[in-house]
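The block underneath contains the structure these notes are about, expressed in structure tokens.
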Amino acid sequence: MPSKKALVRRPSPRLDQGLVSHIGREPIDAALALRQWEGYVEALRAHGWQTVEVAPADECPDGVFVEDTMVVFRNVALISRPGAQSRRPETQAAERTAVGLGLSINHVREPGTLDGGDVLKVGDTLYVGRGGRTNAAGVRQLRAVFAPLGARVVAVPVSRVLHLKSAVTALPDGTVIGHPPLVDDTSVFPHFLPVPEEAGAHVVLLGGDRLLMSASAPKTADLLAALGYTPVPVDLTEFEKREGCVTCLSVRVRELYE
Ligand SMILES: NC(=O)NCCC[C@H](N)C(=O)O
């Protein structure tokens, strides 16, 4: 049954100590981060999403990036085993919330590593980024869990950014969008549209023609508006300083059998 639930997790006061891999470390304004997170949650709610808070993990600087804790396909959640050791404690409370929603649970197991941010769903295709956080065993386990449910799992290389979804996301019609200098190989996607800004590569489909995206990508917002979409911009500067983006602050659950 279609559902519009979104898991979110409020930022840790220690967000400043969050990981950075591909960019320099700039200081975080924790109060501003909290306001930006509240604005993000409000934008989801304003577009009909019921937000469900995962218990805070204040001891985990990167806990707000809750997308990385699982991959949801149909009514199954594959609980991740994050590629960064410091992020592994984040999954426990996220799993409890997934159970509470009625999702069936599977786990990525050692030696597999996989971050939810490396998995992009386009219809029944799951693109998975093989890169800094997701290894070959993680890809194999993703395939083993979701192929029997009808998913086509396509592994793609990711070396220029943190996660696959730092490089590309997809529009409602399945067109994959990305900022070409940051995409390893645009030819793996059947329909690819280049966008002019790094932050423009990230959209969350709110429903209908509405696209939640970062206010840091005004040229891409204009491009997408010219294609008939309605951009819904949110300020995310404090999360972008820790390599987060609009997708990573929630896990959207669209099919629940209640
Ligand atoms: N899915 C995502 O885009 N997650 C962003 C995670 C950022 C965090 N600082 C990390 O390096 O793990």
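Both backbone and side-chain heavy atoms feed into the values below; hydrogens, waters and symmetry mates do not. Remember, it's 1-based here, ligands and their atoms both numbered in the order they're listed. Please read these numbers as outputs of a predicted model, since none were measured by experiment.
- Counting protein heavy atoms only, atom 4 (N) of ligand 1 is closest to D68 OD2, 2.8 Å.
- Counting protein heavy atoms only, atom 7 (C) of ligand 1 is closest to R242 O, 3.1 Å.
- For the residue pair H107/E95, the side-chain donor-acceptor check at 3.5 Å is satisfied.
- Closest of all the heavy-atom pairs between S86 and L19 is OG-CD1, 3.8 Å.
- Look at R87 and you'll find a heavy atom under 4.0 Å from some atom of ligand 1.
- With respect to atom 11 (O) of ligand 1, the closest heavy atom belonging to the protein is R133 NH2, 3.0 Å.
- At a heavy-atom distance under 4.0 Å, only side-chain atoms of D62, from C-beta outward, approach ligand 1.
- Contacts with ligand 1 closer than 4.0 Å are made by no heavy atom of K165, backbone or side chain.
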Could you walk me through whether R133 and D118 satisfy the salt bridge (Lys or Arg N to Asp or Glu O under 4.0 Å) test, starting with their C-alpha distance in whole Å, then the side-chain angles of each, then the deciding distance to 0.1 Å, before giving a yes or no?
CA-CA 8 Å; R133 296 286 173 85; D118 272 322; over 6 Å; no

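- Shown here for L212 and V234, the closest heavy-atom pair between the two residues is CD1-CG1, 3.8 Å.
- The shortest N/O to N/O separation between S166 and ligand 1 does not fall below 3.5 Å.
- Shown here is H22, whose NE2 atom has more than 12 heavy atoms of other residues, nucleotides or ligands within 6.0 Å.
- With a 4.0 Å heavy-atom cut-off, ligand 1 is reached by the side chain of L162 but not by its N, CA, C or O.
- The protein heavy atom nearest to atom 3 (O) of ligand 1 is C248 CB, 3.2 Å.
- For atom 5 (C) of ligand 1, the closest non-hydrogen atom of the protein is E243 O, 3.4 Å.
- A donor-acceptor pair under 3.5 Å links the side-chain atoms of R81 to the main chain of G112, judged by distance alone.
- At least one donor-acceptor pair closer than 3.5 Å links the side chain of S80 to the backbone N or O of T69.
- Residue G117 has at least one heavy-atom neighbour below 4.0 Å for each of these atoms of ligand 1: 1 (N).
- For L19, a nitrogen or oxygen atom sits less than 3.5 Å from a nitrogen or oxygen atom of ligand 1, counting backbone and side chain alike.
- Counted by atom type alone, E197 and S216 present zero donor-acceptor pairs between their side chains at under 3.5 Å.
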